[in-house]
Amino acid sequence: MHFLRRGETVIHYRVKGLDSGKPVIAFINSLGTDFRIWDAVTEALGDDYAYVLHDKRGHGLSDVGGAPYSIDDHAGDLIALLDHLGVKGAIIWGLSVGGLIAQGLYARRPDLVRALLLSNTAHRIGTAEMWNARIDKIAADGLASLVDPVMERWFTPAFRQPDNAAYAGARNMLSQQPEAGYSGTCAAIRDADFTDEAGRIAVPTLCVAGDQDGSTPPELVRSLADLIPASRFVTIAGCGHIPCLEQPLAYTQAASIFLKTLPEH
């Protein structure tokens with residue numbers, strides 16, 4: 001296990017292959033998950049890439065720190081980590097709130113970004129009323145009260161089966177996240193709007209949607225792609241909000257097609 005202290009907050013991270021000279025992918029996980037959601041993706045991509053993974057603050061083994069957060073807080077953590085590791089020109093791959101963080105990182109430090117893979121995300125997600133209601137619900141009834149409704153938005157009915165161990169594991173992952181970290185990141189999503197910044201993205205970008213995503217439907221992800229000059233858009237069939245868990249092979253294949261088109265760094 002590796003940890004980086006940024007101010008008063010400790011960030012948990014993992015790296016693989018950074019001394020290989022291979023292109024670096026930095027993953028940013030979604031709300032209510034930790035970086036283990038990328039295991040199947042990194043396994044499928046294999047040794048063609050080097051990897052940086054981290055638990056964003058308030059998730060996994062990272063500190064909760066001073067919640068609530070902003071997207072800038074989360075982006076700053078990854079910037080500090082990439083600087084610490086001496087990584088520049090990475091492929092930044094963000095899922096859901098991770099896609100917002102990726103956009104925030106690019107706006108601050110485009111020198112760190114070779115390409116963007118923005119998955120199941122948008123330039124703005126939800127409304128202030130929606131996020132405030134979720135934060136209030138957690139304060140009143142705990143995170144456990146949201147697990148089943150969130151699962152319905154995250155995964156298709158075919159995946160949400162009692163005998164599916166992967167589904168049970170995803171429920172456990174969400175249930176075990178710190179409530180303050182989850183609520184703090186809800187506040188960050190609530191306050192984020194990259195509508196203007198999206199039009200200034202000038203690196204190769206792929207936007208990915210799940211065809212049955214209940215959190216960021218395909219038309220919302222498509223609206224982000226429409227804002228980003230020369231971006232590409234792809235939909236993963238039979239998939240909800242967390243394709244790296246529900247359809248990892250199809251997801252990785254779609255990403256690989258994009259990654260192989262990137263110019264030599």
Side-chain angles (χ1 to χ4, degrees), residues 1-6 9-30 33-57 59-62 74-121 201-208 231-232 234 236 242-245 247-265:
M1 294 188 293
H2 301 283
F3 296 89
L4 174 71
R5 177 172 293 281
R6 181 177 181 242
T9 304
V10 170
I11 301 298
H12 175 225
Y13 71 94
R14 177 188 296 166
V15 297
K16 180 179 179 182
L18 286 188
D19 58 353
S20 67
K22 301 291 179 63
V24 177
I25 301 175
F27 293 96
I28 316 172
N29 48 287
S30 56
T33 67
D34 60 50
F35 66 56
R36 289 174 292 184
I37 65 172
W38 301 108
D39 285 354
V41 171
T42 57
E43 182 178 348
L45 289 172
D47 295 331
D48 291 339
Y49 301 92
Y51 305 106
V52 175
L53 306 102
H54 76 291
D55 290 336
K56 62 184 171 293
R57 60 174 60 201
H59 291 71
L61 298 185
S62 292
H74 287 301
D77 292 338
L78 182 52
I79 288 169
L81 177 58
L82 294 176
D83 283 343
H84 171 73
L85 297 170
V87 172
K88 288 187 181 296
I91 300 155
I92 308 296
W93 186 334
L95 173 63
S96 191
V97 66
L100 291 171
I101 296 166
Q103 293 171 71
L105 185 151
Y106 179 82
R108 283 179 56 180
R109 290 286 303 277
D111 61 296
L112 296 177
V113 184
R114 177 187 177 192
L116 290 168
L117 206 158
L118 304 176
S119 176
N120 305 80
T121 191
I201 292 175
V203 294
T205 302
L206 176 67
C207 297
V208 182
S231 69
R232 306 181 190 187
V234 65
I236 308 300
I242 315 289
C244 46
L245 295 181
Q247 294 287 356
L249 295 182
Y251 185 49
T252 305
Q253 182 179 28
S256 294
I257 293 170
F258 168 71
L259 294 173
K260 290 175 181 177
T261 69
L262 297 179
E264 293 292 328
H265 186 57

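Below, all heavy atoms of this structure are taken into account, side chains as well, without hydrogens, waters or symmetry copies.
- Note that CG of L53 is 11.5 Å distant from NE2 of H2, once rounded to the nearest 0.5 Å.
- Residues satisfying the side chain to side chain contact (heavy atoms under 4.5 Å, CB included) test with K16, not counting sequence neighbours, are D47, Y51.
- Q247 CD to T252 OG1: the interatomic distance, rounded to the nearest 0.5 Å, is 10.5 Å.
- F27 places none of its side-chain heavy atoms less than 4.5 Å from the side chain of C244.
- Of all non-hydrogen atoms in Y251 and V41, the two that sit nearest each other are CD2-CG2, 4.0 Å.
- When atom types are taken as modelled, the side chain of T261 and the backbone of F258 share a donor-acceptor pair closer than 3.5 angstrom.
- To the nearest 0.5 Å, the span separating OG on S30 from CG on L100 amounts to 11.5 Å.
- In this structure, G17 and S20 approach most closely via the heavy-atom pair O-OG, 2.5 Å.
- Rounding to the nearest 0.5 Å places CD1 of I11 at 8.5 Å from CG of L81.
- Contact between L117 and A255 at its shortest, heavy atoms only, is CD1-CB, 3.6 Å.
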Take N120 and I242 through the side-chain contact (heavy atoms from CB on, under 4.5 Å) test and state the conclusion after the steps.
CA-CA 8 Å; N120 305 80; I242 315 289; over 6 Å; no
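- For the atom pair T42 OG1 and F35 CZ, the distance stands at 10.0 Å (nearest 0.5 Å).
- The two residues A44 and L249 come nearest to each other via the heavy atoms CB-CD2, 4.4 Å.
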side-chain contact (heavy atoms from CB on, under 4.5 Å) between L259 and I25, worked out
CA-CA 10 Å; L259 294 173; I25 301 175; 4.1 Å; yes
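- Taking each heavy atom of A254 and L206 in turn, the nearest pair found is O-CD2, 4.1 Å.
- Taking the six-membered ring for Trp and the full ring otherwise, W38 and Y49 have centroids separated by 6.0 Å or more.
- Side chain of H84 to main chain of L82: no donor-acceptor pair is present (N/O by atom type, distance under 3.5 Å, no hydrogens or angles).
- For the pair D55 (side chain) and H12 (backbone), a donor-acceptor distance under 3.5 Å is absent.
- In this structure, L45 CG and E43 CD are separated by 10.5 Å, a value rounded to the nearest 0.5 Å.
- Taking each heavy atom of R57 and S62 in turn, the nearest pair found is CA-CB, 4.1 Å.
- Looking only at distances, a side-chain donor or acceptor of K56 sits under 3.5 Å from a matching main-chain atom of N29.
- Other residues, nucleotides and ligands contribute only 12 or fewer heavy atoms inside 6.0 Å of the CZ atom of R36.
- Annotation: side chain of L95 is not in contact with side chain of T33 (no heavy-atom distance under 4.5 Å).
- Contact check on D34 versus R14 returns no salt bridge, with no Lys/Arg side-chain nitrogen under 4.0 Å from an Asp/Glu carboxylate oxygen.
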Decide yes or no on side-chain contact (heavy atoms from CB on, under 4.5 Å) for I92 and Y106, but give the supporting numbers first.
CA-CA 9 Å; I92 308 296; Y106 179 82; over 6 Å; no
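- In this structure, the side chain to side chain donor-acceptor pair (under 3.5 Å) partners of D83, at least two apart in sequence or on a different chain, are R109.
- The shortest distance between side-chain heavy atoms of I28 and H54 falls below 4.5 Å.
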